[in-house]
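Everything on this sheet refers to the single structure shown next.
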Amino acid sequence: MNLAQLFALSLEGRAAQPGLEHYTPEGRLETLTFGEIDAGANRMARALTARGLTRGGRLCVYLANRAEFIHLYIACQKLGAIFVPINILYREREAGHIVRDAEPTGIVTAGDFPGEGPIWPVDALSAEASVLAAERVYTPLEGSAPAALVYTSGTTGVSKGALLTHDNWAVNATNLITCWGITAADRLLLPLPLFHVHGLGNGIHTWLASGFRLRLLERFEHQRAAAEFKAFQPTMFFGVPTIYVRLLDWPDEVARQATASVRLFVSGSAPLAAQVLEDFRARFGHTILERYGMTETLMNIANPYRGERRAGTVGQPLPGVRVEIRDAQGNAAPPGTAGELYLKGPNVFEGYWRRPEATREAFDNGWFRTGDIGFCSEDGYYTLQGRRSDLIISGGFNIYPREIEEFLLEQPGVAEVAVAAAPDRVRGEVPVAYVVGPSDLNAADLEQRCRAALASFKVPRAFIQVDQLPRNALGKVQKHLLPPVQS
Ligand code: MCA
Ligand code: AMP
């Protein structure tokens, strides 16, 4: 399926209908019809072409949630170009790596870009686009054509680009639309960043494929959220567990009134504590639907819309997705037995950009190794218990300790270091650094250096000085033996 054709049902088919409510950079709430969005995307496609973007070329986009993000995304699909979103919290070290790896034709940004490359300021691009023709732009493409390159933190310390095809996104969107009963009558309130597949795949693609009304927030702001619910009256809301923990602060009457219009709350990207699901049900009268996904596979397992949403589980495989749990020997594990989840299906990505070895390692005979550990119940519900790697998820953002460890080891005085997860009530987990170094090691200085070089969510919340790191006979640090930190 060519995404431009899938989106045309809304962009061209519902041209006169309001499709998007968003805040302009000046903070004004603006409503665009699907026709206006389509015209903006067509103009943008022409402006990108004029600057040299061609089919198969990469476009890096380093923008917060705003209308131009959407124009650029649709424009790339119309041109057959590869969209490369970059987390706006990334600093030079992180963003620079993506640019060097993706070799984009352009990097669209609203302000300073923390790195070097062909910078295309979004305002200049929009001005160029505004005088160009709004007629349809279309490139015939097969469903196997690449649509986006989404970087996901690698266990090796540098992130790898997951190459997602038109078919991957289309299958994900049609699965969610079908399974969650999404129609043009819905209204989605979306506070998630569009630079990750949660916001982009589940939010933007289901919206454009089904034609409902979307209100896009620049980001989730705890203090403003109740007013947004009341004003917009959404029928659907997609969030990460941290957002649901924040919503639990609302008083009972606000919780009930502000969310009376909602028929579906979805949580994903990190484990939703069973207690949060129960507390949310008691306070809000809604049972959150928890689902599981990965950048490489988009959504794969979800609790049912109709039927039991079982707390602490991620539900059952989505249509077309095959799941196998394998024990340490690689044999299929029976129900109730834990092992690593392997996945197969039309949702699974092509491979990592220019990393054939990493791609080979990620697959076993066509089955994708998720690195997640879990088990399946007799009646087909999956429970995730942990991960093969020491990935930390904080507020739904992924952190690979190795990346922070490598940075800290470059700092003067740091002889050895281990970064591990500490539990956190709101963010789920936060990173903490255990440092072997001189007795006068300056934690405040280390924190400042991290803040300057790494995305804010990766900055360790504590720097704990230790005499040595616990290692096994092979010299590998045994993180579970590090002294625990109080949350
Ligand atoms: C967080 N911060 C941000 C943003 N989000 N800054 C700018 N724009 C953002 N969108 C920074 C803040 O500056 C702050 O930095 C820190 O993060 C926490 O912010 P705070 O206001 O205290 O917010 P919070 O109440 O803790 O909530 C954070 C959040 C955010 C809104 C839940 O973490 C978030 O948007 N998470 C969603 C991530 C996501 O979409 N993941 C999907 C990955 P400082 O620490 O310096 O104060 S895709 C995925 O995982 C798979 C495929 C899947 O299954 O979906
Ligand atoms: P990413 O690398 O951003 O694609 O994040 C994917 C990872 O997020 C998965 O491998 C899981 O470890 C985790 N994840 C996503 N959804 C859930 C969930 N509902 N429960 C637990 N972990 C999740």
Side-chain angles (χ1 to χ4, degrees), residues 63-66 85 87-91 150-155 159-160 162 164 172 176 190-203 216-225 238-249 266-274 276-277 288-303 311-315 340-341 343 347 349 368-374 382-400 424-431 447 450-451 454-461:
L63 288 179
N65 288 357
R66 50 191 282 173
N87 186 328
I88 53 158
L89 298 172
Y90 282 178
R91 307 292 196 164
V150 185
Y151 278 78
T152 168
S153 308
T155 37
S159 56
K160 303 187 287 278
L164 291 154
N172 187 62
L176 301 189
L190 188 66
L192 294 169
L194 299 184
F195 49 71
H196 277 316
V197 310
H198 193 167
L200 184 61
N202 298 10
L216 181 67
L217 305 182
E218 191 192 318
R219 56 167 303 198
F220 176 76
E221 282 171 285
H222 179 216
Q223 293 77 6
R224 283 185 51 186
F238 300 164
V240 296
T242 299
I243 291 178
Y244 289 105
V245 173
R246 293 277 192 213
L247 294 186
L248 283 175
D249 287 346
V266 180
S267 176
S269 306
L272 180 72
V276 173
L277 184 140
I288 300 169
L289 186 159
E290 182 174 9
R291 58 64 186 170
Y292 161 51
M294 288 188 80
T295 302
E296 291 92 333
T297 70
L298 304 175
M299 301 306 111
N300 39 49
I301 303 180
N303 270 282
T313 79
V314 291
E340 184 175 351
L341 274 80
L343 297 173
N347 56 310
F349 78 142
F368 175 67
R369 310 182 61 172
T370 63
D372 288 311
I373 308 293
Y382 286 80
T383 299
L384 298 180
Q385 296 172 298
R387 294 173 292 267
R388 198 159 45 93
S389 72
D390 53 3
L391 171 73
I392 300 169
I393 305 185
S394 189
F397 287 120
N398 287 3
I399 304 167
Y400 272 95
D424 182 85
R425 187 186 70 84
V426 177
R427 305 224 177 111
E429 296 176 330
V430 288
E447 179 180 341
C450 287
R451 210 160 265 292
L454 303 169
S456 59
F457 56 90
K458 296 182 192 170
V459 178
R461 291 306 187 258

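Atoms within a ligand are numbered from 1 in the order they appear, just like the ligands themselves. These numbers come from a predicted model, not from an experiment.
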> Parallel, tilted or perpendicular for H196 and F397, by the 30°/60° rule?
Replying inline: tilted

>> For atom 7 (C) of ligand 2, what's the nearest protein heavy-atom neighbour? Residue, atom name and distance, please.
In response: G293 O, 4.0 Å

> Any heavy atom of P193 sitting closer than 4.0 Å to ligand 1?
Replying inline: yes

> Considering distance alone, does some N or O of G396 sit under 3.5 Å from an N or O of ligand 1?
Replying inline: yes

> Taking non-hydrogen atoms only, is L272 closer than 4.0 angstrom to ligand 2 via side chain, backbone, both or neither?
Replying inline: neither

>> Using heavy-atom distances only, which candidate in Q385, E290, H196 approaches atom 20 (N) of ligand 2 most closely?
In response: E290

>> Just to check, does R291 reach to within less than 4.0 Å of ligand 2 when the distance is taken from its heavy atoms?
In response: yes

> Hey, looking at atom 23 (O) of ligand 1, which of H222, R219, E221 has the closest heavy atom?
Replying inline: R219

> What is the nearest protein non-hydrogen atom to atom 29 (C) of ligand 1, stated with its residue, atom name and distance?
Replying inline: G395 O, 4.4 Å

>> At less than 4.0 angstrom from any non-hydrogen atom of P271, what atoms of ligand 2 do you find?
In response: 20 (N), 21 (C), 22 (N)

> With a cut-off of 4.0 Å, which atoms of ligand 2 are near a heavy atom of L384?
Replying inline: 20 (N), 21 (C), 22 (N)

>> For a side-chain contact (heavy atoms from CB on, under 4.5 Å) check, start with the C-alpha distance between F349 and V150, then their side-chain angles and the critical distance, and finish with the verdict.
In response: CA-CA 10 Å; F349 78 142; V150 185; over 6 Å; no

> Hey, is F397 one of the residues with a heavy atom under 4.0 angstrom from ligand 1?
Replying inline: yes

>> For ligand 1, which is the ligand I care about here, please tell me if S269 has any N or O atom under 3.5 Å from one of the ligand's N or O atoms.
In response: yes

> Which is closest to atom 24 (P) of ligand 1 by heavy-atom distance: K458, R246, Q223, R291?
Replying inline: R246

> Can you list the atoms of ligand 1 that are under 4.0 Å from a heavy atom of T295?
Replying inline: 52 (C)

> N/O of R461 under 3.5 Å from N/O of ligand 1, yes or no?
Replying inline: yes

> Going by distance only, is there an N or O of G293 that falls short of 3.5 Å from an N or O of ligand 1?
Replying inline: yes

> How close does the nearest protein non-hydrogen atom get to atom 10 (O) of ligand 2, and which residue and atom is it?
Replying inline: D372 OD2, 2.6 Å

> Of the protein's non-hydrogen atoms, which lies at the shortest distance from atom 3 (O) of ligand 2, and what is that distance?
Replying inline: N398 ND2, 3.0 Å

> At a 4.0 Å threshold, what atoms of ligand 1 neighbour a non-hydrogen atom of H198?
Replying inline: 42 (C), 48 (S), 55 (O)

> Considering only protein heavy atoms, which is closest to atom 17 (C) of ligand 2, and at what distance to one decimal place?
Replying inline: A270 N, 3.6 Å

>> If the contact criterion is a heavy-atom separation under 4.0 Å, does M294 count as touching ligand 1?
In response: yes

>> List ligand 2 atoms under 4.0 Å from S269, heavy atoms only on the residue side.
In response: 8 (O), 13 (C), 14 (N), 15 (C), 16 (N), 17 (C), 23 (C)

> Under 4.0 angstrom from atom 47 (O) of ligand 1, is there any protein heavy atom?
Replying inline: no

> Under the side-chain contact (heavy atoms from CB on, under 4.5 Å) criterion, do N347 and F368 qualify, and how do the steps go?
Replying inline: CA-CA 11 Å; N347 56 310; F368 175 67; over 6 Å; no

> Should R427 be counted as touching ligand 1, given the test is an N or O pair under 3.5 Å?
Replying inline: yes

> Hey, which atoms in ligand 2 end up nearer than 4.0 Å to a heavy atom of I393?
Replying inline: 8 (O), 13 (C)

>> Please list, in number order, the atoms of ligand 2 under 4.0 Å from a heavy atom of T152.
In response: 2 (O)

> Any idea which part of L89 is under 4.0 Å from ligand 1, heavy-atom wise: side chain, backbone, both or neither?
Replying inline: side chain

